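Down below is the structure, laid out as structure tokens.
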2 protein chains.
Amino acid sequence: MSDSQRFPVAAHALAYLAHSNAYGPDAAVSSASLAASMPTNPVVVRRVTAMLAKAGLIGTRAGAAGGAWLLAAPQSITLDQVLRAVNGCAHLGCPPPGAKGCPVGEKIPKQVARAIAAADSAANQRLSTITVADLLKDG
Amino acid sequence: MSDSQRFPVAAHALAYLAHSNAYGPDAAVSSASLAASMPTNPVVVRRVTAMLAKAGLIGTRAGAAGGAWLLAAPQSITLDQVLRAVNGCAHLGCPPPGAKGCPVGEKIPKQVARAIAAADSAANQRLSTITVADLLKDG
DNA sequence: TGTTACTGATACAGTTTCAGTTACATATTC
DNA sequence: GAATATGTAACTGAAACTGTATCAGTAACA
């Protein structure tokens, strides 16, 4: 996967929902409003909110006065959940397959993959200590 | 930056040099040999080895019997050095700029950027505990 | 000295991926 | 029924990467 802005857009959207006290369908925020605060295109926002909704982090509703709202308290939504919801990872690359028949060429990619997975895991663990509520703090 | 294979290629190349006991110009390994073990194209390898050379991790020499060799012991080359050498990062994306004039829209991106930097740092710290020598281990 | 072999760099084509945009079917409120 | 919103599909243009070919410079070796 190439470099994507999905994670930042998702994090920004959730923080904005929290700031708007959007905790139910009656306080839904439209994709146009979310997009205006980035700023980006409403369709880009909806592509992300659709994934967040499938992950159970937010609720969405079509129709007039529709939009998105949080399904959990901002303090309880961690950023690693957000990253997983938008199918992101640390993107350090995939190891080359290794030359067939070459003993060292076949062994190294396995260890490279393990190192990449370890780095990915460390990034996720760090993100698990940051919540959507933290994104609204000053400083 | 989009998804790049530079980091895996660099890690594989360094591990291969270590396995070949390439510790000096007289034991230089050509880009063709390195490429054959991935497998990929020699030019792709040279694009990476040129960066590793600039970072001081390997030496290279042109001409007949030329190629690349390690400038340090495999146990002392950590993978975060390798990642920095090829200009990689965790690639979680860049935060949106935020809407001008919107107080919340301007504050959130700063915290999102901080979260991304924290995740990146965690990944690098984890990589700093893995060396090129570890890539040659079994299992 | 001439041949061979290698690096580094540059340039190009093809592929992939993404943001942004338009369009449309569906759903909901008024 | 009109207005407004989501979700999704299709298209465009930009960006980045791989693979490839090519060339100048360099070094070993007969």
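Values in this document were obtained by computation on a predicted structure and should not be read as measured data.
- Atom CD1 of A:Ile116 and atom CD of A:Gln111 lie 12.0 Å apart (nearest 0.5 Å).
- In this structure, CD of A:Gln5 is placed 13 Å from C1' of C:dT17, rounded to the nearest angstrom.
- Put simply, the side chain of B:Ser20 never gets that close to the backbone of B:Ala22: no donor and acceptor are under 3.5 Å apart.
- Between the side chain of A:Ser76 and the backbone N or O of A:Ala72, no donor-acceptor pair lies under 3.5 Å.
- Considering only side-chain N and O atoms, B:Asn41 lies nowhere under 4.0 angstrom from the phosphate OP1 or OP2 of D:dT18.
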Grab the N/O contacts between the protein and nucleotides 1-4 of chain C below 3.5 Å, and write none if there aren't any.
none

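- Side-chain contact of B:Gln81 with B:Thr78: a donor-acceptor pair under 3.5 Å is present, judged by distance alone.
- Between the side chain of A:Arg61 and the main chain of A:Trp69, no donor-acceptor pair closer than 3.5 Å is present.
- Taking 4.5 Å as the limit, every side-chain heavy atom of A:Leu57 sits out of range of all side-chain heavy atoms of A:Leu70.
- A:Trp69 has its CH2 atom 14 Å from the P atom of D:dA5, to the nearest Å.
- We find that CZ of B:Arg61 is positioned 7 Å from C1' of D:dA27, with the value rounded to whole Å.
- Phosphate contact (OP1/OP2 of C:dG20, side-chain N/O of A:Thr40, threshold under 4.0 Å): present.
- The interatomic distance linking A:Asp26 (CG) with C:dT29 (P) rounds to 11 Å, in whole Å.
- Rounded to the nearest 0.5 Å, atoms OG1 (A:Thr60) and NZ (A:Lys54) are 10.0 Å apart.
- In this structure, B:Leu135 CG and B:His12 NE2 are separated by 10.0 Å, a value rounded to the nearest 0.5 Å.
- B:Val132 is not listed as a side-chain neighbour of B:Tyr16, based on a closest heavy-atom distance of 4.5 Å or more.
- For the helix from C:dT1-D:dA30 to C:dC30-D:dG1, the axis fitted to the five pairs at one end and the axis fitted to the five pairs at the other end meet at an angle of 10° (nearest 10 degrees).
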**OP:** Check step by step if side-chain contact (heavy atoms from CB on, under 4.5 Å) holds for B:Val48 and B:Phe7.
**Re:** CA-CA 8 Å; B:Val48 169; B:Phe7 174 69; over 6 Å; no
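- Judged purely by atom type and a 3.5 angstrom limit, B:Arg6 uses its side chain to pair as donor or acceptor with the backbone of B:Val86.
- In terms of position along DNA chain C, the nucleotide closest to B:Ala32 lies nearer the 5' end than the nucleotide closest to the other residue of the pair B:Ala32 and A:Ala65.
- Only B:Val43, B:Val44, B:Arg47, listed by number, bring a heavy atom of residues 43-60 of chain B to less than 4.0 angstrom from any atom of DNA chain D.
- Whole-Å rounding puts the A:Asn87 CG to C:dC18 C1' distance at 15 Å.
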